[in-house]
Amino acid sequence: MILFRKFRVLILMVFLIACSMHIMIDLLPKLERRSNSACSCSHTPSEEPQNWGKHRPRAALETGWPNKHTLRILQDFSNEPSSNLSSHSLEKISTAGGKAETLKRLERYATKGNDKNQVMQEASLSRNGADKGSRLLALFEHPLYKRPLPTLTDEDTLFNVNTDIRFDPKAADNQEWHGEEKDGENAPTGGLSSDSYPNWLRFHIGINRYELYSRHSPVIDAMLKDLLTQRITSVAMKSGGTQLKLILTFQNYGQALFKPMKQTREQETPPDFFYFSDFERHNAEIAAYHLDRILDFRRVPPVAGRLVNMTKEIRDVTRDKKLWKTFFISPANNICFYGECSYYCSTEHALCGKPDQIEGSLAAFLPDLALVKRKTWRNPWRRSYHKRKKAEWEVDPDYCEEVKQTPPYDSGTRLLDIMDMTIFDFLMGNMDRHHYETFEKFGNDTFIIHLDNGRGFGKHSHDEVSILAPLSQCCRVKRSTHLRLQLLAREEYQLSALMEESLQGDALAPILVGPHLEAMDRRLRLVLQVLADCMEKEGYDSVVEDDLAPEGTATTAPPAPQR
């Protein structure tokens, strides 16, 4: 009997010890978080590898992953066939209440994300040049770059915003919101108008039927600075794709797609590489944004280069278990990681810092698919992505006639927008344009979004003329595009000089080496030659669509661009 009582007491003690351990495990991450926030000390890169094995206890790893209520919905940013999967799945499960909740969450982020007390780093992102002799300033002062937009209606804007509406953070029902306000770091001081929204939200609000952003919008410059200076609070891998891409969430709840550096700027694509086997380049994403802006398309979301600390800004803040497990220390004592993706995610293709610094491109996210759906279109001149087979357009010289009879290319400006995209890709040498996207709200009468440009600027010693197949087969172009191309070929402007000046403002400059800049001038001449051959064969009026003259006005002979 005495033994039975002792055994019962022993069982009770074991039970109490187990309960105490569970309580300690639950409290440990919170205590660790408080201690980390209270400590202002930082480890040097040389100290990191030594402590990295015991940097986080197992309990912290299991309990420190993201709270879904604090993250925006992650929309797909790729141009792959599955790029709208998230939109389709949301379409099936979303209800009016779900959409309303998403809007409320967006409002809360807008209020909390505005941090008036944040100290901005002294990093210049001015792309226009301050000197009076700036070619870029002269270009943007040209009449071709000052054409006004048509009058915008509610149907022409992506979001209809009531500027009188003010959001009160105290009305938010998210308890975590109020808990984080105690830190004082991001606590709003009161209701905020739409003019005080975070720059990423102001960028979203400014999107309309005709442009992703306006020519001289100060919001874009401010948002580029945000991409460079905002504190990274969360990191996750982007699903899909052949190569690793990360989704970074910032202190102001903005998000960006991070493509880390895989090759140096001097490395050309090997001649035996197929276009679909090539690496994506972070500097190509940056250069594509600047080229798109110089061409006055403004269809590439803003991109900025940034030097990222892999330890403090990726490994220590990521809540993605799969990503965290792929970090390791190389024999050279550098921090490396490889993540998970279809092809190039292994220790053989690891991304390593020096010792933990890595540069990459940050592309601003477009609005969430839960709020604004995008439609994915198959590019009519899509390549076969096969080592031996050819696409139909490569074997049928009359292929464009079939395209012209197929919606949405049989009316509107979609075919002409494809020609713009073709010229844009040829100047970069980008062969990887298999799909493109548009905003669903605007139907077929809107611009093409130029996403995923990482496979551009791979070869400067070779001009892939097959990229110009849509232009040479269809012999169509907008008059505004043709005039701008002629302008950029002039000595006083010169595309290569404009690109070099524009790219100097990026934090990772130089972005392109000299041969790539020279290649753009050479390719621009080839584009103008293709158009000249088309005009000689079919006549100016048949080739050039006058998008500058008022409706009903006949097209006249091509005027020379005036300075």
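What you see is a predicted model, and the numbers here were worked out from it, not measured in a lab.
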request  = Please determine, by modelled atom types, if Thr233 and Gln251 share a side-chain donor-acceptor pair under 3.5 angstrom.
outcome  = no

d(Leu144 CG, Leu139 CG) to nearest 0.5 Å is 9.0 Å

Quick test of your reading of the model: are Arg298 and Asp292 salt-bridged, counting only N-O distances below 4.0 Å? no

Next item on the list: Could you tell me whether Glu545 and Lys478 make a salt bridge, using a distance below 4.0 angstrom between a side-chain N and a carboxylate O?
Entry: no

### Message
With a 3.5 Å distance limit and no angle check, can you tell me whether Arg523 reaches the backbone of Leu427 through a side-chain donor-acceptor pair?
### Response
yes

For the aromatic rings, using the six-membered ring if either is Trp, is the centroid distance between Phe424 and His450 under 6.0 Å? yes

Notebook entry, point to check: Hey, is the main chain of Gly429 close enough, under 3.5 Å, to the side chain of Arg455 for a donor-acceptor pair?
Noted result: no

For Thr157 and Asn208, which I'm curious about, is there any donor-acceptor pair between the side chains at under 3.5 Å? no

Is a donor from one side chain sitting under 3.5 angstrom from an acceptor on the other, for Arg433 and Asn453?
yes

dist Cys345:SG -> Leu244:CG (nearest 0.5 Å) comes out at 4.5 Å

| query | Any salt bridge between Arg479 and Asp547, counting N to O under 4.0 Å? | reply | no

> Backbone N or O of Val235 within a donor-acceptor pair of the Thr318 side chain at under 3.5 Å?
Replying inline: yes

For the residue pair Trp381 and Thr422, confirm or rule out a side-chain donor-acceptor distance under 3.5 Å. no

Next on the checklist: Checking side-chain polar atoms at under 3.5 Å, does Glu464 have a donor or acceptor matched by the opposite partner on His462?
Outcome noted: yes

* Does the side chain of His282 come under 3.5 Å of the side chain of Glu359 through a donor N or O and an acceptor N or O? -> yes

In this structure, CG of Asp226 is separated from CH2 of Trp200 (nearest 0.5 Å) by 11.5 Å

Q. Does Arg315 pair with Asp356 as a salt bridge, N-O distance under 4.0 Å?
A. no

Using a strict cut-off of less than 4.0 Å between a Lys/Arg side-chain nitrogen and an Asp/Glu carboxylate oxygen, indicate whether Glu313 and Arg231 qualify as a salt bridge. no

- State, without any angle test, whether Ser134 and Glu501 hold a side-chain donor-acceptor pair at a distance under 3.5 Å. yes

- Item | Side-chain heavy atoms of Met520 within contact of Leu291, under 4.5 Å | yes

Quiz item: Honestly, is Arg490 close enough over Tyr493, meaning NZ or CZ under 6.0 Å from the six-membered ring centre and within 45° of the axis?
Solution: no

For the side chain of His435 and the backbone of Thr376, is there at least one donor-acceptor N/O pair under 3.5 Å apart?
no

Are Asp452 and Lys259 within salt-bridge range, i.e. N to O under 4.0 Å? yes

| Between Thr446 and Arg414, is any side-chain donor less than 3.5 angstrom from a side-chain acceptor? | no

